[in-house]
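All chains are named by letter (A, B, ...) in the order of the sequence lines, taking the proteins before the strands, and each is independently numbered beginning at 1.
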Amino acid sequence: MQAYIQGRNVNLTFRPPNRGPVRALQGFDIDVREGEFLSIVGPSGCGKSTFLNVLLGLIKPDSGDLTLGGKPIAGPGTDRAMVFQEFGLLPWRTVQSNVELGLELKGMPAGDRRTISQRLIEMVGLRGFESHYPHELSGGMKQRVGLARALATDPDVLLMDEPFAALDAQTRDLMQVELLRIWQEAKKTVLFVTHQIEEAIYLSDRVMVMTKRPGQAKKLFPIDLPRPRDYEMRVTPEFNELKFAIWQSLKDEITA
Amino acid sequence: MAQIEARAGTIAGDARFVGAADTAPRQSFVEKNRNLLLGLLSVVLFLAAWEAIFLVVPFNKLFISKPSLIFEGWLDLISTGELFHDLAVSSVPFFYGFVAAIVVGVAIGIIMGWRQRVGYALDPLMTMFYASPLVALAPLVVVFFGVGVSGKAIIIFLLSVFPFIFNAAAGVRAVDRLLINVVRSMGGTEKDLYLKVIVPSVLPYIVAGTRIAIGRALIGVLVAEFFAASEGIGYAIARFGDLFALDKMFACIITIMIIAVVLTEGVRWAERAAFPWRVGQ
């Protein structure tokens with residue numbers, strides 16, 4: 001039985017000019033179920049963000065099989081959308097126009113675009129900010145725009161590359177709650193890359209720990225905490241046991 | 001929680017647009033335009049001091065002039081139509097030279113920014129030309145192209161092309177790779193990359209280059225006409241100087257100054273209107 005997103009023996013080496021080659025992924029395997037929220041944690045530079053870019057279709061792996069819904073990934077497609085750590089909003093576009101970017105690239109007429117962007121701006125809690133420019137927004141609000149933009153093309157898979165890393169701690173907690181609400185509403189498969197174990201546990205159905213570079217899947221932790229999840233859950237013994245187990249697995253990779 | 005954050009954003013956002021005027025609604029005219037008035041005051045004081053100094057220093061109109069006489073001379077030049085004729089004559093090569101500088105400068109700049117090797121190859125040469133006083137070439141241009149429109153246009157072009165080259169190149173180099181990836185990841189084509197990312201990124205740099213280029217182009221007009229002209233505003237300045245008609249000479253100089261200020265401020269205004277997203281940067 002083939003998984004919804006399936007990676008087998010994915011290898012990728014960067015060859016930057018004037019420098020030695022860097023092996024980013026080596027024999028990387030992954031299985032993601034449809035509708036699942038899967039987080040990937042790993043040491044810095046282990047290739048977890050690189051893997052998201054491979055999945056997005058921006059980087060071609062050197063070898064290995066990578067399929068989505070049974071079909072090999074051959075390039076970018078509207079069945080996947082990325083939420084970037086540094087937001088990636090076009091500064092000369094308003095909130096609404098940024099949210100509509102993907103729809104515009106698909107050639108959708110302005111009227112239809114507007115209907116969709118209105119609904120999503122409402123969903124991420126930015127009503128009234130449609131004609132603001134990114135520089136007028138706080139970090140949390142920018143990432144709400146990033147999320148709305150990713151959801152606008154109605155992708156099956158949402159790729160999130162440390163989306164809350166640039167936010168302050170309180171905004172981050174808030175955004176995690178919002179993301180779970182939106183995920184339950186929109187029913188997407190989510191791949192979430194983060195450095196924060198707590199964030200990974202709180203959000204996910206499963207957490208994958210990666211080895212240090214060249215990145216491989218080290219261990220998968222199922223998170224059996226009930227949903228909907230609330231903030232208090234973070235102080236329960238179950239939560240802390242998971243946190244400790246994942247930290248132990250990760251620690252060897254960071255210190256070794 | 002989301003709403004609290006959103007509301008805080010509104011307050012911060014509004015303050016940026018409305019400014020302090022909104023929090024203290026009953027302000028006098030002077031308070032509201034204080035910065036502008038302060039600026040005008042220094043100009044007025046300067047003119048007054050210029051006029052007043054000849055109450056103590058002996059005045060000889062062959063060697064110096066003063067604002068009252070300059071103003072009379074200015075009115076005289078306007079009533080005879082001389083000033084407008086000279087400006088009209090000068091505007092033709094200014095237009096050709098400047099438009100050519102935009103087209104050629106932006107094209108070269110974009111190639112230099114986009115193709116790294118071309119950039120490395122041309123940068124020292126272009127920097128040399130940009131940093132050197134190119135007006136030194138004016139006599140040579142006159143020898144080659146004569147004293148007509150083409151000679152003047154070429155000098156204006158030479159002086160104003162480099163800000164466009166350097167700014168367009170800087171603009172292309174400053175294009176955010178992340179935004180390119182964003183558009184590519186959404187299935188954007190090569191054309192989409194240009195229209196949705198590269199052009200909007202580079203445009204403000206080119207407009208900023210325009211502001212610098214205007215000043216240099218006006219120098220080009222004057223120098224070209226000092227060397228090589230039988231009419232035009234630069235020629236008028238040189239001729240009135242030779243004739244010791246210093247009131248009219250100053251009138252022409254001040255006219256050029258006003259034109260320079262109007263053009264650069266006009267571009268600045270257009271910049272704010274066209275790129276509202278840059279206001280906060």
Under a 4.5 Å heavy-atom cutoff, which of B:P200, B:P204, B:G187 has the most pairs with chain A?
-> B:P200
Quick one: which of B:L178, B:V197, B:V182 has the most heavy-atom pairs under 4.5 Å with chain A, could you say?
-> B:V182
Cut-off 3.5 Å, side chains only: do [X] and [Y] have a donor facing an acceptor?
| X | Y | answer |
| --- | --- | --- |
| A:T94 | A:H132 | no |
| A:E100 | A:Q96 | yes |
| A:Q196 | A:R172 | yes |

Please look at A:R149 and chain B and tell me whether the side chain, the backbone, both or neither of the residue comes under 4.5 angstrom of a heavy atom of that chain.
-> both
Heavy-atom proximity to chain A below 4.5 Å, by part of B:T189 | neither
Can you spot which of A:L120, A:L126, A:I121 makes a side-chain contact (heavy atoms from CB on, under 4.5 Å) with A:M123?
-> A:L120
